[in-house]
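Since the structure comes first, as structure tokens, the remarks are kept for the end.
Residue indices begin at 1 and follow the sequence shown.
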Amino acid sequence: EVTHSFNVFRLPDRCTIGYVVVCLNLLGSLLFLVASCGYFVHGSSEKAQLTWDFEVSEWMVRFGFAVGSLCFLFGALFSLPEVITDKDERIVQLTSGDVA
């Protein structure tokens, strides 16, 4: 939807709010994936909790979920102006009688 093309790897001509929202949601999804993989690696025994792999997996889970959640939050906040402007354009179209 953002590039309006089948070539999704081509950057758009200008960076719009919609493009930023899509990038933030993609980054949030990837960070959730990394956090979920880190949770899978999580050791269950007490001896495993003293090793470096436990610390890495704990960091990966906490960081991935925290920053991924922030990406989704900012993506939602950045999409609000787009929703408001779309709503205003529809009101103008309805009042002018130009309904598409």
Contacts of Leu77 meeting side-chain contact (heavy atoms from CB on, under 4.5 Å) (sequence neighbours excluded), chain-then-number -> Leu73, Phe74, Leu80
Once side-chain contact (heavy atoms from CB on, under 4.5 Å) is applied, do any residues pair with Phe72, and if so which ones, sequence neighbours excluded? Asn25, Ser29, Phe32
Just how far is it from atom CG of Leu31 to atom CZ of Phe65, taken to the nearest 0.5 Å? 10.5 Å
Taking every heavy atom of Leu24 against every heavy atom of Gly75, the minimum-distance pair comes out as CD1-N, 3.7 Å
